[in-house]
Each structure stands twice: as C-alpha cells, then as structure tokens.
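Only one structure is covered here, and it is reproduced in the block below.
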Amino acid sequence: MYHIVPVAPGEQQTAGGTGGSPLKKKLAREGRPLVMAGMLGCVLVLAAVVAWCYYSASLRKARLLKAELLDLNKDGFIIHNQTGAVIFSMSFRSGTLDLDSCSKEGNVLSCTQSDSGKLNFFIQTVQTKDTVMCYRVRWEELQNKRSVEHAMAYNDSHWYGGAETATQHWPIRMQGEKEPQPFITSDVYLNRNAFGGILERYWLSSNATAIKINDSVPFHLGWSEKDRTLRFQARYQDSPFRPPEGQQALPELSYRVCVGSDVTSIHKYMVRRYFPKPIKVPSPEVFKQPLWSTWALHKTAVTQEKLLRYASDITKHGFTCSHLELDDRYTADYGEFDFDPQKFPNASGMFDKLREDGFQVSLWTHPFINYDSINFGVAVEKGLFVREPSGELPALVRWWNGIGGILDFTNPEAREWYSSHLSMIKTRYDVTSFKFGGGETSYLPRQFSTLVPLSDPSTFTRYYTEMAIPFSERAELRVGYQSQDISCFFRIIDRDSVWGYELGLKSIIPTVLTISILGYQFVLPDMIGGNAYPNHTAGGLNGKNVLPDRELYIRWLELSAFMPAMQFSIPPWAYDNEVVQIAQKFTELHETLVAPRVLELAGEVLKTGDPIIRPLWWIANVDEAAYKIDSQFLIGDDLMVAPVLEPGKQERDIYLPAGRWKSYKGEHFDKGPMYLTDYPVDLDEIAFFTRVY
C-alpha cells in the first residue's frame with residue numbers, strides 16, 4: 001500500500017546533510033527494492049523484446065533460406081521428398097556462405113558473399129511438371145581463383161552413371177580416397193585409374209534424384225569411401241581445362257538437381273531434356289548377324305592370306321557374318337590410307353574374292369599420323385595437327401603404336417583431309433565402313449592448342465565422333481562425349497580374357513548398363529572371349545597362340561548373344577566341335593529371338609532415348625533388391641537374362657521381380673518377387689525369362 005506523506009514548507013533536506021527526519025529515512029530504505037525491481041523489470045522487458053526481434057528475424061531468415069523441399073545453410077543444402085525424408089544432400093567443401101548476404105526473390109535464392117570474398121551463388125527452383133522438381137545451382141567465384149568444390153552424399157541410396165571405367169560396378173562402388181581429377185575421356189585399358197572413353201556428367205540415384213553438371217564447368221571428380229561422397233570440383237589451376245577466351249580463370253561450379261517420383265521416370269525426364277538422340281538406326285544386319293574381327297586372333301600380324309582363310313573358315317563352319325573387320329596393321333605405316341603391298345600383294349583381288357563370297361569388309365582407322373609416315377610431312381605443311389600451346393609447332397604425342405601427330409578435328413581442313421582419304425579407300429575397294437580407334441583426350445598433350453580453342457578437352461572426342469557420321473551405317477566408335485546423336489555402334493573398351501570385374505566377363509553387364517544410362521544404346525560388347533592379350537588371359541596355350549579359357553569363352557558367347565550385337569574374333573573352331581555347335585546355337589538364337597526385339601527397341605530409341613539393355617529396377621523401382629543386381633539385365637521390359645559368370649558353375653541364384661515369368665525351360669513363376677537359388681544352368685545354356693501379361 002502506497003503512503004502519501006505531505007511535506008511542509010522549509011522541511012526539505014539540505015544537500016549533503018546527514019540529518020533528516022526518521023520518517024524520510026525509513027521511506028528511502030523501503031523504496032530502494034522497488035526501484036531495483038523496476039529496473040530489473042525494464043531489463044527483462046527489453047531482453048524479451050530483443051529476443052522476440054531476433055526470433056522473428058531468425059524465422060524470416062529460415063523462411064528465406066528455404067525453397068520447395070530444399071533447405072539451405074552456410075555449409076550446404078538438403079532436399080526432402082514429400083514425406084520429409086532427406087533424399088539429397090550437398091555440402092560446400094571449399095567455402096561457407098555468409099547468410100547475411102542472402103536474399104530471396106521469387107523462386108531464386110541468392111547470396112553475394114562467402115567466407116573468402118565476393119561470389120555469385122544462387123539456387124533457382126524450377127517445377128517442370130507435377131512429378132518433377134528441379135533446382136539450378138551455381139557457385140561462381142568473383143575474386144578467388146582457387147577451386148570450388150561441393151560433395152554429394154550417397155544418402156543410403158545407390159548411384160549410377162558417370163563414366164566407363166576399367167573396374168566397373170553396378171551400382172557405383174567408389175573405393176578408397178580419390179582427390180578430384182579431370183573428368184575427361186581416357187584410354188582405361190592403358191590407364192586403369194582414369195575415366196573411360198565414354199562418359200557424361202550425369203548421375204542417377206535410387207532415391208529418384210539425378211544430377212547433371214553444366215557443360216561450362218571445368219569439371220573434376222573425386223570421391224571418399226570413408227565419407228561416402230562424390231566430390232565435384234571446378235578449377236583451372238593445374239588442369240587441362242581453360243577459361244573461354246577473354247574470360248578470367250575464375251572457377252564456376254553449376255549443376256542441376258532434379259527429383260522425381262521414381263528412378264525410372266526421373267531418368268526418362270533427364271534423357272529427354274538433356275541428351276541428344278540418334279537420328280537413325282544403324283544397319284539391321286549388324287544387329288542380326290555377328291561381326292567378325294581379325295584383331296584378337298591375328299593382332300598386327302594379319303595378312304591377305306590370313307584374312308581370306310578366316311573368311312573361308314566362317315563359311316565352312318556354317319556361320320553368318322554381317323561384315324568382316326580388318327583391324328590393325330594393314331598399312332605400311334600408321335597414318336597412311338592404302339594397303340601394305342608386302343602383306344596385301346593384291347588388295348583389289350582380295351576384295352573381289354570376299355565380295356564374291358558374300359562378305360563385306362570394314363577397316364580400322366585412327367586419328368594419328370606417325371612421324372615416319374609419308375603423310376606426316378603433308379600434315380605438317382598443311383597445318384592439320386594439334387599444336388603446341390604457342391601454336392607454332394605440331395605437338396608430338398605417344399600412343400600405343402608409336403609417336404606422331406594427332407589430327408586437329410576442330411580444323412575444317414583436317415576434317416576434310418581425313419574424311420576424303422577415308423572416302424577414297426572406301427570407294428577404291430568398296431569398303432563398307434570403318435572401325436574408329438582412339439579419340440580419347442588422354443592422347444592429347446597436357447598443354448596444346450587447336451584451331452578452335454577447347455575449354456573442355458573432351459570436346460575433342462565429340463569432334464572425332466562426328467567423323468563417323470558419313471559411314472555410320474556400320475561404323476564403330478569406342479569413345480563418346482555428348483555424342484548420343486551419332487547413329488553408329490559404340491564399343492566398350494577392350495576386354496581382357498578373364499572372369500572378373502576389371503575388364504573381364506563380370507564387367508560387361510555393369511559397363512553396358514552404365515553407358516546405356518548415359519544415352520548410348522547401340523552397344524558392341526567387344527569380342528567374345530576377350531582380346532587374348534598375353535599376361536591378361538585366363539587359359540592355356542594352344543600352339544603359339546594364347547586362347548582364352550574354354551569355359552570362359554562359352555559363357556562369354558552366351559552373354560553376347562543377348563547383347564544388341566555379337567562380335568567374334570577368336571573363332572569357335574579354335575577349340576572343338578562342341579564349342580562350334582554351342583556357337584551356332586547361340587548365333588541362331590540371337591538372330592531369331594534377340595535381334596527382332598532389339599531392333600524394335602532401337603526404333604524407339606530415336607524418340608525416347610530409353611535403354612535397350614535395362615537394369616532390373618527399370619520395372620521394379622520400389623524393390624530394394626533390384627537396385628543392387630549386376631549380373632542380370634532386361635531387354636526392354638519383358639525379357640530378362642541371367643548368365644552364368646563364375647568359373648566351374650552350372651547353377652546360379654536368380655532374382656525374379658514382381659510379376660509373372662516364364663523360363664526358357666517352360667516353367668511358370670507367378671508369385672514374384674522371389675529368388676531362385678541354385679537354379680541349374682548347363683554349360684550350353686543361359687537362363688532367360690519372358691514376362692507374361
């Protein structure tokens with residue numbers, strides 16, 4: 001209760017006095033706690049106001065740093081699905097965002113500062129259709145010339161795509177710790193730790209997410225098995241990438257992440273949106289009948305006599321042939337375009353004889369001209385070679401057959417010179433087409449110049465693949481980068497004659513599935529039995545020739561019969577009559593059962609880009625088991641193949657996805673998904689099942 005005490009005139013206490021009435025002293029003592037309480041209350045109210053303001057600002061910032069199903073923080077971002085589960089996460093390894101510099105306008109969230117200086121960062125949300133949400137992400141340094149690196153986590157999902165590799169797994173299995181290296185086409189037969197000759201900047205996840213790195217990025221790829229991440233890096237320093245002419249070497253990492261309802265539909269969306277399509281189907285005869293190459297059988301020792309005998313043996317043993325492929329060393333020197341008269345004394349007569357016997361012939365070619373070739377001086381004089389960085393001198397390169405120059409296919413004169421020589425030999429001998437060897441950018445010098453400057457070295461591969469266009473009906477390439485619209489056959493790199501995942505039999509299905517996901521559907525799975533290279537062959541000696549293991553050869557043959565095309569080199573009659581009979585059985589099965597279905601799907605590729613050879617999850621995308629199977633595949637949606645890939649086995653476990661299936665033996669299975677354990681498969685069999693609707 002308050003007390004009011006009147007003060008009479010003249011009773012005020014004098015300043016500094018020690019006196020005063022007892023009542024005044026008592027009131028002063030009692031008032032002090034009230035003043036303190038009031039002051040404390042004011043402080044608490046002020047603190048509450050500050051906290052509320054901070055909380056409100058935090059809420060506004062939190063709302064600011066969110067987009068559709070995406071949360072951004074200074075260290076990275078995550079994407080949720082509709083149920084709230086995290087399906088994609090990316091961390092910023094090379095820097096952190098200054099969130100106070102961030103703003104949001106419409107569907108674009110942008111920031112202008114990182115811990116290292118000015119930058120241009122944004123995430124733009126793009127809802128392309130009801131079932132697909134995409135996010136355009138860009139981190140561009142404006143001051144710092146160092147690298148930009150983001151790390152994508154696996155998020156307990158399975159990832160596919162990227163590149164052909166020497167040791168191929170499906171899904172991707174990154175082993176060890178790998179610092180980012182240039183993501184460029186390379187010869188993985190000779191450099192088994194590099195990325196392969198067919199690659200694209202595209203990855204796909206079982207979580208129904210996909211990522212496509214932009215073409216403008218100086219892109220390097222690494223990984224961490226420990227952290228379970230893929231490391232995406234952009235840099236120009238210590239790199240074969242170059243900034244576009246007139247621009248500073250400021251790195252930019254940009255990409256698009258898209259999320260769909262399931263893995264099949266998001267892949268279909270990405271292929272239709274980002275991959276070019278072939279404009280025609282190559283020769284139906286190559287899909288139907290096997291191609292026969294001289295390479296694994298004769299290597300560089302091929303001669304006119306050996307080629308004619310090879311053709312005669314094919315006919316004698318009752319095999320069909322789409323065309324013969326005359327491989328390495330039919331010319332006197334590398335870089336020439338006519339036959340070595342010592343090895344081929346009557347090339348015109350040889351072609352007449354082959355044509356008379358019903359054989360068409362293709363020839364091996366490549367982009368190199370060795371220094372001892374008569375065409376080396378011609379190419380130097382005309383300025384047809386890739387040059388040293390100064391542009392003054394041609395660059396000498398070392399390749400698997402010596403030292404020479406490599407033609408600059410960005411130069412229209414070099415393209416015309418090379419193409420005219422191919423056309424000349426084609427016309428002179430009625431050659432049906434060409435097998436284009438090489439083309440990997442790993443054969444370019446580390447520092448080089450071309451007539452058209454290449455910011456991305458792998459663009460050289462694209463230029464090279466275009467040389468096959470005039471001959472694409474039966475042409476064969478072993479490289480591809482942004483080349484899905486080249487309507488020819490793409491061959492996987494040379495296989496060793498071994499069972500395992502490192503360029504062996506087990507690597508074929510993962511490799512074919514990988515390049516199919518990258519948009520290359522007209523696949524040659526390399527030669528049956530592998531290339532029989534010394535020290536890379538499982539098997540024994542047969543006279544002077546190294547033959548692949550007999551069982552390995554048979555199992556390889558059976559698998560190849562269910563690929564888009566078959567390719568022999570080492571012939572079945574190099575073994576015994578039983579192998580010949582098995583080969584006849586499977587070449588006939590390929591022509592009657594597989595090829596008609598493949599050709600039907602090949603026609604659909606022109607419109608959709610969908611794979612011909614498909615993973616099991618294509619029809620079973622809610623089935624966790626289907627995401628991990630690397631030894632079975634589909635042809636279309638209704639023919640499933642399960643080859644035996646282990647030595648000494650005449651049985652295997654087979655996974656049947658949901659649905660009704662009929663085996664090649666006539667058995668019916670109606671209660672999938674299920675495992676068939678120890679399913680018997682004889683040496684002269686391959687297990688396959690048709691879907692029953």
Side-chain angles (χ1 to χ4, degrees), residues 197 279-280 282-283 286 291 293-295 300 302 307 322-341 343-344 347-348 350-351 354-355 359-370 373-386 399 401 404-440 443 450-451 460-480 483 485-491 522 524:
I279 59 173
K280 64 178 181 178
S283 169
V286 182
L291 183 164
S293 170
T294 63
W295 174 248
T300 59
V302 66
L307 180 61
S322 63
H323 62 273
L324 279 173
E325 193 170 74
L326 178 53
D327 212 293
D328 194 352
R329 209 63 202 237
Y330 59 88
T331 61
D333 294 302
Y334 293 107
E336 296 174 11
F337 296 87
D338 207 347
F339 286 86
D340 180 351
K343 299 174 73 177
F344 295 85
S348 295
M350 178 186 74
F351 274 91
L354 291 170
R355 199 160 39 249
F359 288 95
Q360 297 190 62
V361 181
S362 67
L363 299 177
W364 178 67
T365 186
H366 54 84
F368 307 101
I369 302 177
N370 278 9
S373 165
I374 58 173
N375 282 327
F376 186 83
V378 175
V380 170
E381 183 180 346
K382 291 179 176 290
L384 305 182
F385 284 135
V386 172
W399 62 297
N401 277 329
I406 184 168
L407 291 169
D408 177 5
F409 293 107
T410 75
N411 182 346
E413 290 187 23
R415 293 162 66 90
E416 172 58 29
W417 184 87
Y418 182 65
S419 184
S420 66
H421 278 77
L422 294 181
S423 297
M424 178 188 66
I425 195 171
K426 183 180 189 299
T427 301
R428 181 173 180 181
Y429 298 105
D430 195 20
V431 171
T432 188
S433 192
F434 297 92
K435 171 186 177 179
F436 289 82
E440 296 91 350
Y443 287 110
T450 49
L451 184 67
F460 181 86
T461 294
R462 165 67 199 191
Y463 277 103
Y464 181 59
T465 60
E466 291 173 358
M467 301 311 299
I469 292 175
F471 317 102
S472 61
E473 187 78 2
R474 294 173 187 252
E476 173 187 329
L477 286 159
R478 76 176 201 183
V479 293
S483 307
D485 57 341
I486 308 294
S487 303
C488 70
F489 291 93
F490 287 85
R491 179 178 64 85
F522 307 140
L524 276 176

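All residue numbers in this chain count up from 1 along the given sequence.
The two residues P282 and S487 come nearest to each other via the heavy atoms CG-O, 3.7 Å. When all heavy atoms are compared, the tightest approach of G480 to F490 is CA-CE2, 4.2 Å. Here the closest non-hydrogen pair linking G439 and V479 is C-CG1, 3.9 Å. Residues P367 and G437 share a closest heavy-atom pair of CD-O, 3.4 Å. Closest approach of F436 to A475, counting heavy atoms only: CE1-CB, 4.2 Å. Minimum heavy-atom separation, L477 to A468: CD1-CB, 4.0 Å.
Contact check for M467 versus L422: no side-chain heavy atoms found under the 4.5 Å cut-off. Side-chain contact between K382 and V378: present, with at least one pair of heavy atoms (C-beta onward) separated by less than 4.5 Å. The side-chain heavy atoms of N370 and F376, taken from C-beta on, include no pair separated by under 4.5 Å. Within the 4.5 Å cutoff, side-chain heavy atoms of L326 are placed close to those of V302. Taking the side chain as every heavy atom from C-beta outward, W295 and E325 never approach each other to under 4.5 Å. Counting heavy atoms from C-beta on, the side chains of V361 and V431 never come closer than 4.5 Å. Between L451 and D408 there is a side-chain heavy-atom pair separated by less than 4.5 Å.
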Go through it in stages, so that I can follow the logic: the residues are I406 and V386, the test is side chain to side chain contact (heavy atoms under 4.5 Å, CB included), and I'd like the CA-CA distance, side-chain angles, deciding distance and then a yes or no. CA-CA 6 Å; I406 184 168; V386 172; 3.8 Å; yes
Are W399 and H366 close enough, and set up right, to give a side chain to side chain contact (heavy atoms under 4.5 Å, CB included), and what steps lead you there? CA-CA 11 Å; W399 62 297; H366 54 84; 3.9 Å; yes
Checking side chain to side chain contact (heavy atoms under 4.5 Å, CB included) for the pair I486/I469: CA distance, chi angles, key distance, verdict? CA-CA 6 Å; I486 308 294; I469 292 175; 3.7 Å; yes
Please test S283 against H323 for side chain to side chain contact (heavy atoms under 4.5 Å, CB included), starting from the C-alpha separation and ending with a verdict. CA-CA 11 Å; S283 169; H323 62 273; over 6 Å; no
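A distance of 4.5 Å separates OG in S293 from NZ in K435, rounded to the nearest 0.5 Å. To the nearest 0.5 Å, the span separating OG1 on T465 from CZ on F460 amounts to 10.5 Å. For the atom pair CG of L354 and CG of L307, the computed distance is 5.5 Å after rounding to the nearest 0.5 Å. Between the CD atom in Q360 and the CG atom in L324 there is a gap of 10.0 Å [rounded to 0.5 Å]. Interatomic distance, CG of D338 versus CG of D340, reported as 10.0 Å (0.5 Å rounding). Atom CZ in R474 sits 6.0 Å away from atom OG in S322 (nearest 0.5 Å).
Here D485 pairs with R462 in a salt bridge; the nearest charged N to carboxylate O distance falls below 4.0 Å.
Side-chain atoms of T427 never come within 3.5 Å of backbone atoms of M424 as a donor-acceptor pair (strictly under, hydrogens ignored). Remark: side-chain polar atoms of K426 are not paired, donor with acceptor, to backbone N or O of F471 under 3.5 angstrom. Judged by distance alone, with hydrogens and angles left aside, the side-chain atoms of R415 form a donor-acceptor pair with the main-chain N or O of F409 at under 3.5 Å.
The aromatic ring centres of Y429 and F344 sit 6.0 Å or more apart. Checked against the 6.0 Å centroid threshold, F368 and Y334 do not count as a close aromatic pair.
The side chain to side chain donor-acceptor pair (under 3.5 Å) test with D328 is passed by exactly one of T294, N401, T300: N401.
Taking the six-membered ring where tryptophan is involved, the planes of Y418 and Y464 are tilted, since the angle between them lies from 30° to 60°.
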